Amino acid sequence: MATPSSSHSITEEREEVMVSEKGHTFIKTHFLKPIATSSVAVAELPRQLLSVSSSPSELLKRLSSGKSLSGFWVAERRFVSWVGKMEALHEPTWRKAGIFEAIKASTYNITKNPSLLLSVSQKWSPETNSFVFPWGEATITLEDVMVLLGLSVLGSPVSDSVHSSEMKDAVEKLEKAWQEKKAGHDFVREEPWTSRFFGRGDLEHEAFLVLWLSLYVFPARSHRSISKRVVPIAVRLARGERIALAPAVLAGVYRDLGQISGFGRGGDCDGKLNLKSLLKLVQVWTWERFKNVRPKPRDIPKGEPRIAQWDSLQQRHKNVRLTFDDFEWRPYTKTLRNWDPLRVYVEEAKWVTVDKSLGDEFASFARCVRVAQLVGDGFVESYYPNIVAMQFGLAQDLPGLVTRHGDLTEKEAWDDYNKSLDGLKLYMPSRLASGSVTVRYRDWWVKSVSEMQKETTDDDDVGVSPKVLPLSQVVQNLEEGFPATCTRSSMRRLANKDKIDELVNSLVSSSWKKKGAQEDDEESYMDEEEEDNMTIAQIRSRRKYSDADKAGGDVSEPLGKRRRKFQVMDSDDDSGPCQKLASVKIEAKNEEYDETASNIQQMTKQVCDNEVNETGDTPGKRSTIADEAKKAECWLHEESEKRRCNEKRREDILEKLKLRNLSIREKELKLEARIMEVEKTLRKIRESNTSGNKIKFEASA
């Protein structure tokens, strides 16, 4: 396989030290440009990596409102009926314009989940237009828009105007009908528009496309209304003109995610969320990528688009916060029942030259992996696939800094996006390729995350759930709730609070320091021998563990936070000994946690009862103490549920390993059978040769 000149390719091939399951491997691999070099600066990691919403309840309320999210419109029965009629008449035109799959996808409903949108949006970085998770970066790409929504990345810009007199005449008629139907408002509702054109023949196709664009591509209003600005686009599509709808839709999604994340990070809480994009794409993308938060997908009906598997499904968990830890890098390369991957997901890696003879699918993939500017409705957003190269099956190196073009006009941005691809050399990875990271990228990421954690820890306690208070804080709130006439002196309350803290500290210290000597030796060995075999998330978790040990294990921290420091999350990676060690550690720590939590609960009840008895044993105090005890029990129940989830995940991993071992054993048996057949064949050949030589010898004698 010949290697092309780097000047004619957006991928770079070179030998590099990569992180693999076996440690550091020096291999030839492929990267997306631009890459940080001596002449190209490194793109910095966004500084708000670990920041959280300052007003999550208000933001969730806004997202739950029907006025904020217009990208989840339900495909009503009459619209679905209209789709069926138009499909029978205009399917060839839709395929030519690249909207057939998109219109079919619009007939499936995605049930809105504001909690999920809020959780994932708070990971969004407007600087890089990517989600920044503790384990790495990921984003919604043009590939996602193309596969999930069926929209084209190729074609003319959305902003183009009509040129022929016939098309101009059609635009004028549709705009006149729009003016007639708005009836004193500044908008036209769906019902009168449908009644005006459904089954009428004249301009029915164009009117249908106006409706489709208004509700399911560019949903600009909170109510189901018809947009006048999409009329020229509908007329062009009705004549089979291919329009690049995907970049315009993705630009809108980027902009809206920026609005949500800005609001959630302490922006103007009194301001309005002016969301106009297909945010259902964000929800479906999250389901496709994170197996631990998605509902069980449906079977895709034959001939239907991929999004059909999520039709009208409910979220598995109501609260999915802090569970984005099971990312699937390339979900679209896998074959599903009644759905086959695109042709660009080849079995064997190869280089191709993009030209007209190659087909639109390869040219589309080239658009998906190229850094560009996306033109929206009056704005421009940057597109950086080079920071998420593993989503395309390529290797990830330090991303090169790309100059932001916020001052570009829409025409200049479109020219940048629409640069000719003819003659471009494109590396197509195998559909089975999962990608990897360079050692220097891993080191840069771990260092960047560690620095940001230190900055964030100074401001707030990131590791503690906002619903869980430390035990000492629960007691303090309990005391502050007493009537003034029944409270003790401040010195007496402080003494009791210190007494409880002392009990907590002694219990935690005794439970976690029993195995200190053995774990010190074990951790030292693991740091040296196994760190290179671990993912970024595992490395960060292990370093947290080591830092806690060196600091003497600060027992004044909340139990929930201390437990998370020692917990290593399982993943789908088959990392052998690392997984077994993680499972053993989780099980041991869970047992210690159960014993410690039980003792703390008993001690707390005893101290609180003593305090009530000494102060007069009033019913009001007993009621308050009971309420706070219930809160503590709820917290213990939540932690117990988390432990059960971890145990279930460990069992799943062990089951996978068991199945893999069975598969390996089966292959071994097959190989042994083949060897026996070969040996049997060789014996026959030797016997045949021996008998032949004997005959020749007798003949010569």
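In what follows, residues are counted from 1 in the order of the sequence shown. All values reported here derive from a predicted model rather than from experimental measurement.
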*Just say parallel, tilted or perpendicular for the rings of Tyr427 and His30, cut-offs at 30° and 60°.*
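It falls in the parallel class, under 30°.
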
How long is the gap from [atom1] on [X] to [atom2] on [Y], to the nearest 0.5 Å?
X      : Y      : atom1 : atom2 : answer
Ile387 : Gln396 : CD1   : CD    : 8.0 Å
Thr29  : Met18  : OG1   : CE    : 5.0 Å
Leu426 : Phe362 : CG    : CZ    : 8.5 Å
Leu342 : Arg431 : CG    : CZ    : 12.0 Å
Phe290 : Trp285 : CZ    : CH2   : 5.0 Å
Gln373 : Trp414 : CD    : CH2   : 13.0 Å

Do the side chains of [Y] and [X] get nearer than 4.5 Å, heavy atoms only?
X      : Y      : answer
Val145 : Val153 : no
Val19  : Thr438 : no
Ile260 : Trp124 : no
Gln391 : Asp144 : yes
Glu668 : Ile664 : yes
Pro429 : Leu394 : yes
Ile140 : Phe131 : yes
Gln309 : Glu288 : yes

*Side-chain donor-acceptor contact under 3.5 Å, Trp445 with Glu137*: no

*asked:* Within the 3.5 Å criterion, strictly below it, is a donor on Thr353 or Asp355 matched to an acceptor on the partner's side chain?
replied: no

To check you understand the geometry: which heavy-atom pair defines the closest contact between [X] and [Y], and what is its length?
X      : Y      : value
Lys425 : Ser9   : O-OG, 3.1 Å
Ala363 : Leu421 : O-CD1, 3.6 Å
Pro385 : Leu32  : O-CD1, 3.6 Å
Gly258 : Pro126 : CA-CG, 4.2 Å
Glu127 : Tyr384 : O-CE1, 3.9 Å
Asn129 : Ser382 : ND2-O, 2.7 Å

_Ring centre gap for Tyr441 and Phe31 strictly below 6.0 Å_ = no

_Determine whether the aromatic ring centres of residues Phe324 and Trp135 are separated by less than 6.0 angstrom._
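No, ring centres 6.0 Å or more apart.
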
*asked:* Checking Glu13 against Trp351 for the side chain to side chain contact (heavy atoms under 4.5 Å, CB included) test, could you report, in this order, the C-alpha distance in whole Å, the side-chain angles of both residues, the deciding distance, and whether it holds?
replied: CA-CA 11 Å; Glu13 180 182 79; Trp351 286 93; 3.8 Å; yes

Looking at [Y], is its backbone amide N or carbonyl O close enough to the side chain of [X] to form a donor-acceptor pair, meaning the two atoms are under 3.5 Å apart?
X      : Y      : answer
Asn386 : Pro399 : no
Asp256 : Val253 : no
Lys123 : Pro134 : no
Ser450 : Val446 : yes
Arg330 : Ala433 : yes
Asn338 : Ile300 : yes

*Would you check, one step at a time, whether the test side chain to side chain contact (heavy atoms under 4.5 Å, CB included) holds for Arg643 with Glu647?*
CA-CA 6 Å; Arg643 176 171 59 82; Glu647 290 174 350; 3.0 Å; yes

*Begin with the C-alpha distance, continue with both residues' side-chain angles, and end with the deciding distance and a verdict on side chain to side chain contact (heavy atoms under 4.5 Å, CB included) for Leu116 and Trp287.*
CA-CA 10 Å; Leu116 176 64; Trp287 284 347; 3.5 Å; yes

*Carefully, step by step, assess Arg650 and Asn646 under the rule side chain to side chain contact (heavy atoms under 4.5 Å, CB included).*
CA-CA 6 Å; Arg650 177 174 61 84; Asn646 291 333; over 6 Å; no

_Lys NZ or Arg CZ of Arg367 over Tyr417 ring: under 6.0 Å, within 45°_ =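 Yes, a cation-pi geometry holds between Arg367 and Tyr417.
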
_Does Glu348, at its CD atom, have more than 12 non-hydrogen atoms belonging to other residues, nucleotides or ligands within less than 6.0 Å?_
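Counting neighbours around CD of Glu348, 12 or fewer heavy atoms of other residues, nucleotides or ligands fall under 6.0 Å, so no.
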
*Is Asp397 salt-bridged to Arg14, going by a charged N under 4.0 Å from an acidic O?*
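Looking at Arg14 together with Asp397, the answer is yes, because their closest N to O distance falls below 4.0 Å.
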
*Pairing of Lys334 and Glu328 as salt bridge, 4.0 angstrom limit*: yes

*side chain to side chain contact (heavy atoms under 4.5 Å, CB included), paired with Tyr383, selected from Leu250, Asp416, Val371, Thr139*: Leu250

